[in-house]
Amino acid sequence: MDYPKYETVIGLEVHAQLQTNSKLFSGDANRFGGEPNTHINPITLAHPGTLPKINKKAIEYAIKLGLACHCTIESLNCFARKNYFYPDLPKGYQISQHTTPICVGGYISIFIENIEKKIFLNRIHIEEDAGKSIHDAVEGFTCVDYNRAGTPLLEIVTEPCIQSAEEAFQYLTEIRKLVRWIEICDGNMEEGSLRCDANISIRLKGDKELGTKVEVKNLNSIRNVKKAIDFEIERMINLVEKGEKIVQQTRSFDANSDTTFAIREKEEANDYRYFPDPDLVPFFINQSTIETIKKTMPILPNVLKQKLQHTYGLSRYDAHQLCEDKYTVSFFEATAAQCHYFKAIANWILGPLKQYLNEQGIDFSQLTLQPKTLCGIIQLIEDGKVNFSTAANKLLPALIATNANPAITAENMGIIQVSDNDAIVNWVQQVVNAMPEKVLEYKKGKKGLIGLFVGEVKKISKGKADPKTTTILLEKMLNE
Ligand code: ADP
Ligand code: MG
């Protein structure tokens with residue numbers, strides 16, 4: 001449905017679980033899965049007399065993400081207690097950075113139809129995760145597993161500046177790429193290491209005030225975020241069109257029906273009784289710490305994207321695709337360092353190699369093919385010795401694990417194209433003799449048939465006839 005009267009306003013809250021070895025305030029292992037309630041020491045459970053201690057790695061990871069998102073890294077950092085009761089919260093409060101988020105402002109760039117849009121961030125703060133209530137393990141009971149309690153999280157909050165489900169989709173794709181790129185979170189939404197709540201409202205175009213928002217939770221894939229937003233926009237517009245009011249609600253997404261349903265009305269008087277955690281002293285982050293961390297950061301995808309376009313002359317599309325993850329682009333650069341057919345390298349990576357990896361369910365970090373071997377394959381094609389499809393379908397599978405010499409392998413496989421005229425003239429003659437009617441049609445003016453003849457020569461030569469020479473010889477013979 002198209003409603004030109006309205007515009008959509010979306011703000012996303014993303015929780016990223018940090019890949020630290022231990023939890024945010026205790027030495028418990030920070031690991032997904034495991035026997036329930038096995039990573040729970042007295043600090044995680046907040047037994048009397050225990051004292052939390054800040055995990056430095058978590059702070060470092062927060063700073064890394066802040067730098068990657070152009071945020072201001074705040075010097076003064078405090079932790080506060082957010083008090084509420086819930087069975088999965090063993091302490092009775094969650095430790096979070098209430099008024100002093102570690103990162104402020106910043107943005108993440110997305111590209112919509114090749115035009116850059118900055119999605120502005122409000123803040124990134126550190127907090128701990130809760131445990132898990134499990135409703136389906138024992139009939140009639142709810143079980144709790146505290147293994148996840150105390151896991152370090154970063155909450156990344158955008159300004160209400162996202163305008164469509166597509167923008168939200170692109171933004172989340174970028175966030176996931178970024179946290180993987182700087183190796184702070186595995187970005188796995190299905191396992192819950194990356195979670196998203198979507199705040200959505202609509203308003204009449206041109207209105208300055210924000211409309212009443214709903215917050216949709218339980219979005220465990222980027223695609224579901226998109227579906228939930230599309231569903232909500234339509235639902236809210238229908239309500240307003242019917243003259244009804246939108247109520248501020250928390251809603252949940254049902255992946256079976258692609259719809260959302262209300263779970264609670266917004267708790268107006270929600271009072272978490274925040275106060276500074278007396279067990280955790282405020283701490284300061286100085287500039288030299290930030291500089292040291294900066295030095296450990298890899299080159300970021302957007303910077304590399306520019307480089308691929310300027311240094312190697314690739315299109316923005318190719319550059320974007322190659323920067324999907326660190327390993328892909330580093331394979332490109334390693335190959336480009338050894339041969340200068342940059343566009344061909346990009347095509348091989350984004351075509352046959354990516355397809356191979358997808359089929360194997362692995363990524364470029366696990367690719368056994370060496371850059372030098374790929375260069376050898378590309379050189380054979382450039383020299384007209386092997387055609388692309390034979391190289392992709394036969395030569396590549398033969399070399400991918402062995403990295404044997406491409407030229408010798410192609411020779412042994414009998415797939416080297418013949419470009420000397422005598423052999424090709426022979427095949428051309430055979431084809432012309434075998435198809436007298438088509439030849440007549442061609443001579444009467446149906447020049448498009450040339451493709452058919454070239455194809456036939458390719459067939460009987462088993463792909464060995466160089467297509468360029470074939471075409472020239474065919475045209476010569478047919479036009480005699
Ligand atoms: P809350 O306290 O309810 O979590 P916040 O003001 O902290 O609300 O905002 C949470 C998220 O909701 C942010 O990403 C913010 O940009 C977004 N947001 C706030 N108001 C609206 C609105 N009216 N429409 C859409 N998104 C909104
Ligand atoms: Mg919220």
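When a residue number appears, it is its place in the shown sequence, counting from 1. In this text the structure is predicted, and so the values were computed from the model without any measurement. In listed order, ligands and their atoms are each counted from 1.
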| field | Under 3.5 Å: N/O of N199 near N/O of ligand 1 | value | yes
| task | Could you tell me whether E241 and K5 have a side-chain N and a carboxylate O separated by less than 4.0 Å? | result | yes
| message | Show me which atoms of ligand 1 lie under 4.0 Å from any heavy atom of L12. | response | 14 (O)
| field | Among P160, G11, G211, closest by any non-hydrogen atom to atom 23 (N) of ligand 1 | value | G211
| field | Interatomic spacing from CD1 in I110 to CD in E166 - rounded to 0.5 Å | value | 8.0 Å
| query | Does a salt bridge link K132 with D88, judged by any charged N lying under 4.0 Å from a carboxylate O? | reply | no
| note | Within the 4.0 Å heavy-atom cut-off, what T212 brings close to ligand 1 is neither
| No-hydrogen, no-angle side-chain donor-acceptor test under 3.5 Å, S133 and T142 | no
| Which residue from Q248, K213, E13 reaches closest to atom 18 (N) of ligand 1 through any of its heavy atoms? | K213
| request: Compute the ring centroids of W348 and Y356, then answer whether they are less than 6.0 Å apart. | output: no
| remark: So for E159 against ligand 1, with non-hydrogen atoms under 4.0 Å, the contacting part is backbone
| said: As an exercise, identify every atom of ligand 1 less than 4.0 angstrom from a heavy atom of V157. | reply: 13 (C), 14 (O)
| query | Should D129 and R195 count as an ion pair when the cut-off is N to O under 4.0 Å? | reply | yes
| said: I'd like to check which ligand 1 atoms, numbered from 1 as shown, lie under 4.0 Å from a non-hydrogen atom of T158. | reply: 13 (C), 14 (O), 15 (C), 16 (O)
